[in-house]
*Asks:* 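Next up is a structure, given as structure tokens.
Lettering follows sequence order; numbering is per chain, from 1.
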Amino acid sequence: MTNKEISKLFLEVAASYTIKNEKKYRFQIIAYQKAAEAIEGSPYQVIDLYKEGKLDEIPGVGPTIKLRLEELIKTGRVKHFDDVKKGISPAVFRLMEIPSFGPKKAYKIATEFNLKNEKTALEDVRKLAIEGKIEKIEGFGKKSEEDLLTAVEEFKKGKGKTTKMILPYALEIANDIIDHLKKHKAVLDAKPLGSLRRMKSMVGDIDIAVSTNNPKEVIEHFTNYPRRQRLIEKGAITSSFLTTGGNQVDLMVLPPSQFGSLLQHFTGSKDHNVSLREFALGKNLSLNEKGIKNLKTGKLTKYSTEEDFYKALGMQWIPPELRENTGEIEASKNNKLPNLVEVKDIKGDFHLHSSFPVEESHDPGKSSIEELVKKARGLNYEYIGLSEHNPSQSKHTNDQIVRLLEKRNKEAEKVEKRLNFKIFKLMETDILPNGKLALPQDALKILDATIVSIHSVFIMKKEDMTKRVIEGLSHPKAKILAHPSGRLLGKRAGYELDYDLLFDFCKKNNKAIEINAHPKRLDLDDSLVKIAIERGVMLVINTDSHEKDQMDLMYYGVAIARRGWAEKDDIINTMSYNEVLDFFKK
DNA sequence: GCCGTTTTCGGCCCGACTGTTTTCAGTCG
């Protein structure tokens with residue numbers, strides 16, 4: 001069973017408790033939801049943690065849930081869950097995937113009309129709504145029947161609760177809406193918040209906060225966004241709509257005197273806010289988007305900046321990328337937040353594919369070496385690395401390959417002299433299924449180092465893939481493992497690796513792991529970045545550019561490093577040229 | 001059902017909005 005499946009099961013258990021007796025099981029519901037979230041977000045598979053006896057290391061998993069997980073893994077089911085879910089049709093859980101459908105509504109409809117089949121549940125409900133049968137149920141009316149029909153039809157078109165987009169796409173939509181908002185003179189400030197501000201690799205909704213003294217006009221103006229489709233809600237201080245592309249946008253507006261608490265509230269994450277509010281309660285303070293309420297006096301204090309808001313709690317301001325409730329609150333209280341790496345710390349980019357014809361088997365670059373250097377200079381870099389894919393082995397003899405690399409190196413040296421800019425002579429070398437590198441020894445000899453990566457035969461057992469990668473990295477010239485999981489966000493999960501073994505190996509043998517900055521990859525994942533750093537593994541942030549302007553994507557890689565608590569010294573390409581040379585030789 | 005800088009027992013975040021109500025339940029973030 002995958003983490004995702006386990007997480008789904010836990011959410012079904014929580015929903016079942018809600019249906020049976022929300023008040024009585026209030027805290028069990030929260031517990032299962034929390035555990036579900038932790039399991040879904042865990043970089044480790046539950047099945048592996050079970051084998052290693054580390055189930056209770058998952059936050060939110062205590063003695064009882066641990067027993068349930070053990071039973072689930074051993075027998076494929078949990079007796080207690082079957083009891084809890086008894087009498088609740090699977091159609092209920094299917095309906096709950098539709099936005100605006102919670103456990104109560106889904107249960108009521110499924111029960112009223114005896115819906116049993118989870119496969120036809122959506123279509124069944126759609127028909128009932130069209131036939132006008134929904135509005136006759138107690139608690140429903142004409143309007144809710146119409147809304148329900150809209151929700152089902154949108155969901156069928158793929159506008160579900162789980163539809164997510166990659167960062168640049170979300171950023172573009174957010175910027176377009178912010179441009180629209182700023183055209184109105186009542187808008188004093190507008191900022192993208194939520195998971196976008198926290199720079200999560202995938203973003204669900206677009207959250208925007210506005211500072212204004214005229215909420216009503218701003219909300220009105222927001223709803224007049226030209227690329228708006230359906231209006232979801234429109235209240236005194238919040239509003240939401242779907243864009244024509246089906247993305248949900250949530251707005252919240254408050255006066256400038258309260259903008260600080262609004263930024264804090266709307267940036268999240270939910271877990272961060274819950275923990276922060278629990279901590280504040282201990283000081284007799286209650287937090288919300290409007291400010292901080294003293295529970296003894298009932299007095300609300302307002303904050304125009306986020307810095308002041310955190311300060312009032314006796315804390316350091318926490319960079320948004322860290323707000324995931326993974327220790328940042330504790331660190332902030334103790335003045336121990338990391339000094340996160342920044343884009344301006346980056347001195348070079350090692351993973352660049354030039355257009356120099358090395359006759360690689362796939363994906364040649366489009367920009368010349370000279371163009372890449374000029375671009376790097378514009379970014380204030382000190383050096384770059386050339387990392388074209390290795391020449392195809394099937395079409396060349398070893399001698400031909402060596403000669404191709406010699407030519408490339410010679411051209412690099414020419415440019416290096418002409419433009420007075422340091423260039424590392426690298427390659428991106430495939431790790432073949434047997435763990436050998438796809439370059440002959442004589443070719444590897446004339447390189448400063450090589451990046452290695454997997455580009456074929458993705459389907460392998462985890463142990464075999466780990467062995468393959470470590471074998472590839474074992475060559476003295478192999479110094480960087482590129483896009484370690486091979487994932488493509490939203491498209492391809494990537495292969496499995498034993499990261500414990502990989503990190504140990506890299507630490508012992510001075511190998512670096514890449515954070516691939518391309519927004520479709522962002523691989524190594526941020527949760528693994530955090531673990532790698534805790535283990536003392538060196539990382540490198542590369543753009544994997546196939547065209548010079550892609551070098552601007554460094555920003556996204558740095559964001560992922562920051563989400564993993566990376567400081568400057570954890571990242572190879574913040575080092576000087578000579579320090580990098582030393583690292584390659586170690 | 002989890003968890004600990006006040007706690008191994010007694011707590012457990014906070015509010016906006018909508019529709020169907022006539023004071024609130026449900027959903028969402």
*Asks:* Of the listed nucleotides (B:dC14, B:dC2, B:dG29), which one gets closest to any side-chain atom of A:N288?
*Replies:*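 Looking only at heavy atoms from C-beta outward on A:N288, the closest nucleotide is B:dC14.
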*Asks:* Please give, in whole Å, the distance from B:dG1 P to A:D56 CG?
*Replies:*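 In whole Å, B:dG1 P and A:D56 CG are 16 Å from each other.
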*Asks:* Each nucleotide in nucleotides 5-13 of chain B should get exactly one letter: B, S or -. Can you fill that in based on protein heavy atoms under 4.0 Å?
*Replies:* BB-----BB
*Asks:* Are any of A:K290's side-chain N or O atoms less than 4.0 Å away from OP1 or OP2 of B:dA16?
*Replies:*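 Checking A:K290 against B:dA16: at least one side-chain N or O falls below 4.0 Å of OP1 or OP2.
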*Asks:* Ignoring the backbone of A:E289, work out which of B:dG1, B:dA16, B:dG26 is nearest its side chain.
*Replies:*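 Nearest listed nucleotide: B:dA16.
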*Asks:* Considering only atom P, compute the distance from B:dT21 to B:dA16 and round it to an integer number of Å.
*Replies:*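 Nearest-Å result for B:dT21 against B:dA16 at atom P: 24 Å.
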*Asks:* Of the nucleotides B:dT27, B:dG29, B:dC14, which has the atom closest to the A:D205 side chain?
*Replies:*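 The answer is B:dG29, which lies nearest to the side chain.
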*Asks:* How long is the line joining OH of A:Y17 and C1' of B:dC2, in whole Å?
*Replies:*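 Rounding to the nearest Å, OH of A:Y17 and C1' of B:dC2 are 13 Å apart.
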*Asks:* Quick one: A:F266 CZ to B:dC17 C1', roughly how many Å, whole number?
*Replies:*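 Answer to the nearest Å: 13 Å.
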*Asks:* In terms of side-chain geometry, is the basic nitrogen of A:K200 or A:D526 positioned less than 4.0 Å from the acidic oxygen of its partner?
*Replies:*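 Result for this pair is no, no salt bridge flagged.
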*Asks:* Do any side-chain nitrogens or oxygens of A:Y32 fall under 4.0 Å of OP1 or OP2 in B:dG1?
*Replies:*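 Indeed, a polar side-chain atom of A:Y32 lies that close.
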*Asks:* Can you tell which of B:dC17, B:dC2, B:dG29 lies closest to the side chain of A:D207?
*Replies:*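 Looking only at heavy atoms from C-beta outward on A:D207, the closest nucleotide is B:dG29.
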*Asks:* Would you kindly give the CG-to-P distance between A:D147 and B:dC28, to the nearest whole Å?
*Replies:*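 So the CG-P distance, A:D147 to B:dC28, works out to 13 Å.
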*Asks:* Determine the interatomic distance between C1' on B:dT8 and the same-named atom on B:dC3; round to the nearest Å.
*Replies:*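 Between the two C1' atoms, the distance is 9 Å.
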*Asks:* Indicate whether any N or O donor in one side chain lies under 3.5 Å from an N or O acceptor in the other, for A:S527 and A:D525.
*Replies:*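 Yes.
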*Asks:* Whole angstrom is fine here: how far is it from CG in A:L55 over to P in B:dC2?
*Replies:*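 So the two atoms are 12 Å apart, to the nearest Å.
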*Asks:* Among the candidates B:dA16, B:dT27, B:dG19, find the nucleotide nearest to the side-chain atoms of A:P103.
*Replies:*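 The answer is B:dT27, which lies nearest to the side chain.
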*Asks:* Between B:dC9 and B:dC14, how far is it from one C1' atom to the other, in whole Å?
*Replies:*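 Result for the C1' pair: 25 Å, nearest Å.
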*Asks:* Which value, in whole Å, describes the distance between the C1' atoms of nucleotides B:dC13 and B:dT18?
*Replies:*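 Looking at atom C1' only, B:dC13 and B:dT18 are 22 Å apart.
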*Asks:* How does protein reach along nucleotides 20-25 of chain B, written 5' to 3' as B (base within reach of a heavy atom under 4.0 Å), S (only sugar-phosphate), or - (no contact)?
*Replies:* SS----
*Asks:* How close or far is atom P of B:dC17 from atom CZ of A:F222, stated in whole angstroms?
*Replies:*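 One finds 13 Å between P of B:dC17 and CZ of A:F222, rounded.
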*Asks:* Can you check the distance between B:dC12 and B:dT6, where both ends of the measurement are the C1' atom (answer in whole Å)?
*Replies:*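 Approximately 15 Å lies between the C1' atom of B:dC12 and that of B:dT6.
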*Asks:* Distance check: side-chain N/O of A:T238 vs OP1/OP2 of B:dC17, anything under 4.0 Å?
*Replies:*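 It does, given that an N or O in the side chain of A:T238 lies less than 4.0 Å from OP1 or OP2 of B:dC17.
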*Asks:* Using the P atom as the point on both nucleotides, what is the distance between B:dG26 and B:dT20, in whole Å?
*Replies:*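 My reading of the P atoms in B:dT20 and B:dG26 gives 14 Å.
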